[in-house]
Amino acid sequence: MRTHYCGEVRTEDLDQRVVLNGWVDRRRDHGGVIFIDLRDRTGIIQIVSDPERTPKTYPLAESLRNEYVIQVEGRVTKRPAESLNPKLPTGTIEIYAERIEVLNPVHQQLPFQVSKTDTDGVREELRLKYRYLDLRRDRMQANLKLRHEVVKTIRRYLEDQENFLEIETPVLTRSTPEGARDFLVPSRVNPGEWFALPQSPQLFKQLLMISGYDRYYQIARCFRDEDLRADRQPEFTQLDMEMSFMSQDEIMDLNEGLMRQVFKVIRGIDLPHPIPRMTYQEAMDQYGTDRPDTRFSMKLVNVSDLFKDCGFKVFSGAIAQGGAVKVLPVPGGNAKVSNVRIKPGGDLFREASEAGARGLAYIRVRENGDLDTIGAIKENLTPEITQELLARTQAQAGDLLLFGAGATNIVNASLSRLRLVLGEELGLIDPQHSSILWVTDFPMFEWNAEEQRLEALHHPFTAPKPEDLADLKTARSQAYDLVYNGLEIGGGSVRIHQPQVQKQVFSTIGLSEAEAHNKFGFLVEAFNYGAPPHGGIAYGLDRLVMILADEESIRDTIAFPKTQQARCLLTGAPAKVDDRQLKELEVVSTYVADQESPEQGL
RNA sequence: GGGACUGUAGUUCAACUGGUUAGAGCACCGCCCUGUCACGGCGGAAGUUGCGGGUUCGAAUCCCGUCAGUCCCGCCA
């Protein structure tokens with residue numbers, strides 16, 4: 001049916017007879033000669049028809065419209081010297097159409113233009129409704145091809161260089177406590193019982209280690225029933241890996257090799273070797289977040305000790321209650337950041353308050369070395385404090401110092417947000433530059449105030465650092481996250497492989513022995529039969545592709561994504577099902593639909 | 001659950017502070033054009049301004065509600 005792809009015909013094919021299939025990208029009708037840009041997934045080639053050289057096809061060529069699917073047969077011809085198109089790889093040649101067959105015309109007006117020559121954006125709502133048309137467009141073709149190349153590179157590397165096996169794990173599995181909300185699937189055969197879709201293949205990959213498949217990977221679909229974001233979909237894809245008999249450093253080294261290969265092959269980016277590391281504590285202290293964007297400086301400075309006894313109650317009170325006072329130095333901020341923006345009602349104030357901050361104090365460093373600030377702070381600035389403050393923040397004349405005071409997590413959250421906003425605004429981020437680093441030594445647990453209990457920060461199978469075993473509650477873990485330009489692209493840990501340590505962790509997070517046995521008994525039992533030390537990592541593939549494709553939403557890296565309301569605009573999923581189906585599953589919905597029309601309510 | 005933004009022709013956008021018949025590019029339809037490649041020229045058709053209500057002499061514009069989409073918080077590794 002086809003001899004060549006449109007975008008792959010070259011000068012070497014001159015005089016050859018070719019048969020091409022594709023979509024009409026655009027038609028240029030000059031009255032006496034018609035040009036058709038024929039498009040397939042490889043590119044575009046120019047088809048020509050005129051009444052003298054191709055009298056048979058000329059009338060048909062006139063009738064063609066955008067997005068018709070056609071087959072064209074003709075000879076590869078050199079273009080006239082004055083009509084070359086350097087913008088196209090096929091720009092030196094063209095096909096005189098000796099035969100054109102319309103395989104399918106377009107029956108309805110297109111909801112939007114497909115050709116990339118139409119540079120206007122299209123509403124995402126419309127793109128998602130007609131996703132099959134959107135996927136024909138240049139941008140999505142490029143993104144999905146890039147996604148394929150990423151996966152291909154990963155497979156080649158892990159299989160050919162590192163001897164990994166790809167093994168599939170179940171999608172119908174059991175619900176587990178901890179972590180995200182599960183998607184549930186009723187079992188018809190076992191009425192009243194439910195499968196859960198996996199949040200990740202975590203337990204299975206650990207079992208595979210116990211089974212001796214000491215290097216496993218999978219491009220795994222995962223499901224989490226939580227609210228969506230630009231970088232979060234209810235179903236998403238992980239590159240999931242697990243390996244046995246490897247230390248944390250060895251696992252990280254292997255993954256550095258993998259990521260270096262991916263970034264090199266896909267984008268020509270040479271990642272640093274080795275990839276820098278930072279502990280969780282350093283990251284929180286200096287950047288206020290566990291995924292610091294280190295493309296620019298503006299590090300946070302802790303000044304709690306300077307203000308703990310001062311008369312400014314907002315500062316001293318915060319410290320007295322166990323909180324902190326930290327400074328975000330804004331280079332040149334005096335000229336660029338007005339007081340209006342820092343005070344209530346301003347955008348920076350709002351940014352801070354959305355992170356939980358009650359206020360946003362500031363000091364401006366003037367040309368003559370004077371400090372300009374509100375009276376309540378000025379009164380409490382002794383010469384000693386002033387000197388130390390300027391020394392620690394390395395503030396220069398013209399700089400702005402923004403203060404966060406309160407609970408440490410809120411101070412960190414608000415200042416780290418301001419840091420990103422201002423770093424971008426002040427042009428401190430070089431778009432050519434990228435930053436990548438490992439964040440290590442996460443705490444094992446985090447206090448969940450709502451549930452009044454400790455919670456696994458990573459997940460409950462993460463191994464504590466051996467030197468911290470004495471007090472699990474405050475122990476650090478052998479966990480590591482890979483952070484690229486302030487985005488987490490992967491994370492993993494060395495796992496617990498000793499049953500007694502696993503039991504201690506379950507008890508620390510308040511999981512009763514009975515509960516733990518009920519939910520994870522199979523894993524704990526498996527540890528009794530010769531479990532190798534093991535560890536692994538999982539990457540958010542959609543997010544990794546998003547970064548490599550310079551996109552801002554993972555929806556643009558997924559062929560058929562959901563909207564923020566977790567709907568598929570193309571298929572209309574989710575949707576109601578027949579009562580018969582529900583009955584078969586012994587399922588009854590308790591949902592009471594809102595009044596269909598307002599009149600009924602009146 | 002909460003906050004913010006958006007919704008005007010098939011589509012991308014415009015329409016001053018509420019004021020006469022809601023405009024333009026592309027697409028679509030017709031005519032013309034033999035070297036274009038975002039071809040060009042002339043003409044035409046195309047609108048429940050998301051939907052419902054309200055204020056007003058008068059609403060795309062103001063108010064309330066609602067639906068959909070996006071971004072964010074909560075939630076989520």
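In this text, all values refer to a predicted model and were calculated from it rather than measured experimentally. Each chain gets a letter, A, B and so on, in the order the sequences are listed, and its residues count up from 1.
- A donor-acceptor contact under 3.5 angstrom links the side-chain atoms of A:R79 to the base of B:C37.
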**Request:** Give the B/S/- string for nucleotides 6-14 of chain B, one per nucleotide from 5' to 3', where a protein heavy atom under 4.0 Å of the base yields B, of only the sugar-phosphate yields S, and otherwise -.
**Result:** --S-BSS--
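- The listed nucleotides are B:C28, B:A77, B:U36; the one nearest the side chain of A:D290 is B:A77.
- In this structure, A:D50 atom CG and B:C33 atom P are separated by 15 Å, rounded to whole Å.
- Side chains of A:T169 and A:Q218: a donor on one and an acceptor on the other come within 3.5 Å.
- Remark: the A:R27 side chain and the B:C37 base include no donor-acceptor N/O pair separated by less than 3.5 Å.
- Contact annotation for A:D29: base contact, defined as any heavy-atom pair under 4.0 Å involving a base atom.
- A salt bridge links A:R495 to A:E242: one of the charged nitrogens lies within less than 4.0 Å of a carboxylate oxygen.
- A:R174 and A:T176 are not linked by any side-chain donor-acceptor pair at a separation below 3.5 angstrom, with hydrogens and angles left out of the test.
- Ion pairing between a basic and an acidic side chain is recognised when a charged N comes within 4.0 Å of a carboxylate O; A:R232 and A:E226 show no such pairing.
- Residue A:E455 is classed as having no contact, given no heavy-atom separation below 4.0 Å to the nucleic acid.
- Contact annotation for A:Q199: backbone-only contact, meaning every heavy-atom pair under 4.0 Å involves sugar-phosphate atoms and none involves a base.
- Among the heavy atoms of the strands lying under 4.0 Å from A:R417 are primed sugar atoms or P, OP1, OP2 only; no base atom is included.
- As judged by a 4.0 angstrom heavy-atom cut-off over every strand, A:S83 is placed among the base-contacting residues.
- Counting non-hydrogen atoms under 4.0 angstrom, A:L457 reaches a base of the nucleic acid.
- Counted by atom type alone, A:N255 and A:Y539 present one or more donor-acceptor pairs between their side chains at under 3.5 Å.
- The phosphate of B:U36 has neither OP1 nor OP2 within less than 4.0 Å of any side-chain N or O from A:R28.
- Between A:K129 and B:G69, a side-chain N or O to OP1/OP2 separation shorter than 4.0 Å is absent.
- Partner assigned to B:C31 is B:G41, using Watson-Crick or G-U wobble distances below 3.5 angstrom.
- Residue-level contact check: A:L84 touches the bases, meaning some heavy atom is under 4.0 Å from a base atom.
- B:A68 and B:U6 make up a base pair, with Watson-Crick or G-U wobble contacts both under 3.5 Å.
- Of the C1' atoms belonging to B:C13 and B:A27, the separation is 14 Å, rounded to the nearest Å.
- Remark: A:R53 qualifies as a cation-pi partner of A:Y96 under the 6.0 Å distance and 45° angle criteria applied to the six-membered ring.
- Within 4.0 Å of A:R224, counting heavy atoms only, lie sugar-phosphate atoms of the nucleic acid but no base atom.
- In this structure, A:G356 reaches neither bases nor backbone, as no heavy-atom distance under 4.0 Å exists between it and the strands shown.
- Looking at A:T557 and A:N143, their side chains never bring a donor and an acceptor atom within 3.5 Å of each other.
- Straight-line distance between the C1' atoms of B:C67 and B:C26: roughly 29 Å, to the nearest whole Å.
- Within the 4.0 angstrom heavy-atom criterion, only backbone atoms of the sugar-phosphate kind lie near A:R555; the bases stay farther away.
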Polar atoms only, N or O, under 3.5 Å: list the protein pairs with nucleotides 1-3 of chain B and their distances.
none

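- In this structure, A:R26 reaches the B:C39 phosphate: one of its side-chain N or O atoms is under 4.0 Å from OP1 or OP2.
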